[in-house]
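Throughout, residue positions are numbered sequentially from 1 according to the sequence presented.
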Amino acid sequence: MGIGHPNLAQHCAMPFTSSWRQFDAHYPQVVPLRLLMYTKNFEVNRVINLVGTKSWYPIGLSWFDFGIDYFDLMSDLVKHEILDQDIKVLFYYHEGDNPARIKTRLDELVKKHNFPADCYHFISANTSAVSLENFSYFPDHEFFFRHVNRYQSVPIANPTQDFTVLNRLHKWWRASIMSDLQHRGLLDNSIWSYNTASTASIDLEQDNPFELDTVDGWRDRTKLFATTSHYCDNLTSMQHNDHHKVNTDLYTKSRCHIVIETLFDVDQSGGAFLTEKTFKAIKYGQPFVIAGGPGSLQALREMGYRTFDNIINPAYDTIANNTDRWLAIADVLTELKRNPGWYESCAEDVAHNQKMFELRTHEPVNKLLEELKCLQ
C-alpha cells in the first residue's frame, strides 16, 4: 500500500489482507497514515522527512482516546530523540473532535514527560484547528473519498424530486431534523432515508444540541420519528458505507441534497467538519444545503468551491446557535420547494465544483507538506 505499518500499533497485519483494515479495532486505535496515501506519487521525503534527524514521527489516529498516553507508548529511543529535539511527533486525525480539548490533553502529556512544548504537531479535520498553536486543518475526507471513489463515473442528472436527504445511522439531532422536515412537508416529493439502528451507547437523547421545546410539538415529533426506519434503495448498511461505489440515483434524481453531516454542533468546537457526505454531492453535480457546523460553506469557499450564494441564501452558515441555525436552514429549504425553478440557475456553479473536485489533488497536500517542512 506504500503507507507503512502504523507507529504504536500492537495489532500485526500484512498489506492487502482483511486484517490490514482492522487496526482501528485494536488498541490503541492507530491506523496507516492516510496522508502518505495521498502523496505516494510525490517525492514525499524531499518535502517532509519521516526518517532520520529533524524528521517527523507520524501517528495516524482512528480515534483520539483521552485515556491513552500516546507518548508513553513510544520506545525509549523515540522519547530520547524527542527530548533532544531531533524528531517531532506528527498526529494525523481525520475526525472532527474538538481540537481545543485534544490540545489540552496533549499539552498535559508533554508537560508530564518534560518534552519541549513544540514537540508535536496535530493535523485535524475540524476547521477550528487553524486557531490553535501546534495544530493545522486538512480536509481529509475530501481526499479520502476522491481516492477510493476515483473510478466511478458521473451520470447525467435528470431531477424530478425536490430533495435527497440520507441518514445511515440514527442520532437524536438527525431525528429532530427529519421530523421537522416531515412536519413542514419537505419530504413529500423527496428521496430520503432514516435508519433507526441504535446508537444509544454514543448518542444520548439528553445530548441533543437542539432546544426542542422552543418549537411546539417538536420533541414529541422527534421521539415518534425515531421509531420508524425508512429506506430509499435496496443496498445494505455496509454497502451504503462503501465509498468505492455510490448509488448515483440518489444524487441525480433530485434538485438539491440536504447534506446531513456527521456532526452538527461539531463537539462544541465552533468549527466545521466536512465529510464525504458533502463531497459526494459535489462530485455527482448536485446543489446542496449543509446541515452541519457553522462555517461549513465558508470552508468550502476557501477551498475554491462555490456554494450557490446568489440562489440559496447562505446566511445560516454564520449562525452559531444550533437551534437557530437549523431553523434558518429549514426556512431556506421551504423557499426552495416553493420555487423549483431555481435549479437551472445552479448549472454553472455545479460544473465549477465538479471541475474543482477533479483538480484539488496536489495543491492542498503540497501546502500542508510545506507547512510541516517549515516546522521541522
Side-chain angles (χ1 to χ4, degrees), residues 95-101 125-128 162-188 190 192-230 256-275 277-278 281 288-299 307 312-337:
E95 295 292 349
D97 310 25
N98 191 328
R101 293 173 181 165
N126 184 317
T127 61
S128 68
D162 291 322
F163 304 108
T164 292
V165 51
L166 307 174
N167 296 268
R168 187 174 63 87
L169 291 175
H170 160 75
K171 294 181 181 180
W172 281 104
W173 66 267
R174 288 176 174 170
S176 301
I177 283 176
M178 295 302 292
S179 69
D180 195 35
L181 290 174
Q182 187 178 61
H183 180 67
R184 294 168 180 259
L186 298 178
L187 299 181
D188 293 347
S190 294
W192 64 278
S193 66
Y194 196 86
N195 187 350
T196 58
S198 177
T199 57
S201 62
I202 58 174
D203 186 76
L204 304 177
E205 184 177 358
Q206 59 265 33
D207 294 333
N208 191 333
F210 296 134
E211 299 165 341
L212 298 180
D213 295 325
T214 62
V215 177
D216 288 344
W218 196 7
R219 183 176 298 278
D220 291 338
R221 290 193 292 272
T222 295
K223 289 183 177 180
L224 180 62
F225 191 93
T227 63
T228 305
S229 295
H230 182 91
C256 180
H257 201 103
I258 306 172
V259 180
I260 306 296
E261 262 299 356
T262 298
L263 301 173
F264 193 84
D265 71 341
V266 197
D267 201 18
Q268 299 84 52
S269 66
F273 176 47
L274 298 170
T275 72
K277 299 173 181 64
T278 293
F288 53 83
V289 170
I290 299 179
S296 295
L297 298 183
Q298 181 59 34
T307 54
I312 302 175
N313 187 347
Y316 68 86
D317 193 54
T318 65
I319 301 174
N321 180 275
N322 293 312
T323 305
D324 292 343
R325 186 166 68 261
W326 166 250
L327 294 177
I329 292 171
D331 288 343
V332 167
L333 297 171
T334 300
E335 186 63 25
L336 292 179
K337 185 175 176 65

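- Considering every non-hydrogen atom in both Tyr194 and His170, the closest pair reads OH-ND1, 2.6 Å.
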Could you walk me through whether Ser179 and Leu224 satisfy the side chain to side chain contact (heavy atoms under 4.5 Å, CB included) test, starting with their C-alpha distance in whole Å, then the side-chain angles of each, then the deciding distance to 0.1 Å, before giving a yes or no?
CA-CA 8 Å; Ser179 69; Leu224 180 62; over 6 Å; no

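- In this view, Arg221 satisfies the side chain to side chain donor-acceptor pair (under 3.5 Å) rule with no residue, not counting sequence neighbours.
- Residues satisfying the ring pair (Phe, Tyr, Trp, His ring centres under 6.0 Å) criterion with Trp192, sequence neighbours excluded, are Phe225, His230.
- With sequence neighbours left out, Asp213 forms a salt bridge (Lys or Arg N to Asp or Glu O under 4.0 Å) with Arg219.
- In this structure, CG on Asn126 lies 11.0 Å from CD on Glu95, to the nearest 0.5 angstrom.
- With sequence neighbours excluded, no residue satisfies salt bridge (Lys or Arg N to Asp or Glu O under 4.0 Å) with Asp265.
- Proximity of Ile260 to Arg168: side-chain heavy atoms (C-beta onward) are nowhere separated by under 4.5 Å.
- Between Phe264 and Phe210, the two ring planes are perpendicular [angle over 60°; tilted spans 30° to 60°].
- Considering every non-hydrogen atom in both Ile329 and Ala291, the closest pair reads CD1-CA, 4.0 Å.
- Judged as a side chain to side chain donor-acceptor pair (under 3.5 Å), and not counting sequence neighbours, the contacts of Arg325 are Asn322.
- Using a 4.5 Å heavy-atom cutoff, the side chains of Glu205 and Thr222 are not in contact.
- Among residues two or more places apart in sequence or in another chain, the ring pair (Phe, Tyr, Trp, His ring centres under 6.0 Å) test is passed with Phe163 by none.
- Taking OG1 of Thr323 as the start and CH2 of Trp173 as the end, the distance is 13.0 Å to the nearest 0.5 Å.
- One distance of note links OG of Ser190 with CD1 of Ile258; it measures 6.5 Å at 0.5 Å rounding.
- A donor-acceptor pair under 3.5 Å links the side-chain atoms of Ser193 to the main chain of Asn167, judged by distance alone.
- Residues satisfying the side chain to side chain contact (heavy atoms under 4.5 Å, CB included) test with Ser296, not counting sequence neighbours, are Ala272, Leu274, Ile290, Asp317.
- Remark: Thr214 OG1 to Leu327 CG distance equals 6.5 Å, nearest 0.5 Å.
- Residues satisfying the salt bridge (Lys or Arg N to Asp or Glu O under 4.0 Å) criterion with Lys337, sequence neighbours excluded, are Asp162.
- The heavy-atom pair separating Ala299 from Thr127 by the smallest distance is CB-CG2, 4.0 Å.
- The side chain to side chain contact (heavy atoms under 4.5 Å, CB included) search around Ser229 returns Asn195, Thr196, Tyr231, not counting sequence neighbours.
- The side-chain heavy atoms of Leu212 and Ser176, taken from C-beta on, include a pair separated by under 4.5 Å.
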Only pairs under 3.5 Å count here: list side-chain donor-acceptor contacts from residues 181-188, not counting sequence neighbours, and write none if there are none.
| residue | atom | partner | partner atom | Å |
| --- | --- | --- | --- | --- |
| Arg184 | NE | Asp180 | OD1 | 3.4 |
| Arg184 | NE | Asp180 | OD2 | 3.1 |
| Arg184 | NH1 | Asp331 | OD1 | 3.4 |

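- When side chains are defined from C-beta on, Asp207 does not count as touching Trp172, because their heavy atoms never get closer than 4.5 Å.
- With sequence neighbours left out, Asp267 forms a side chain to side chain contact (heavy atoms under 4.5 Å, CB included) with Asp97, Asn98, Arg101.
- To the nearest 0.5 angstrom, Leu166 atom CG is 10.0 Å from Lys277 atom NZ.
- Taking the side chain to side chain donor-acceptor pair (under 3.5 Å) definition, one finds that Glu261 meets it with Thr275, Thr278, sequence neighbours left out.
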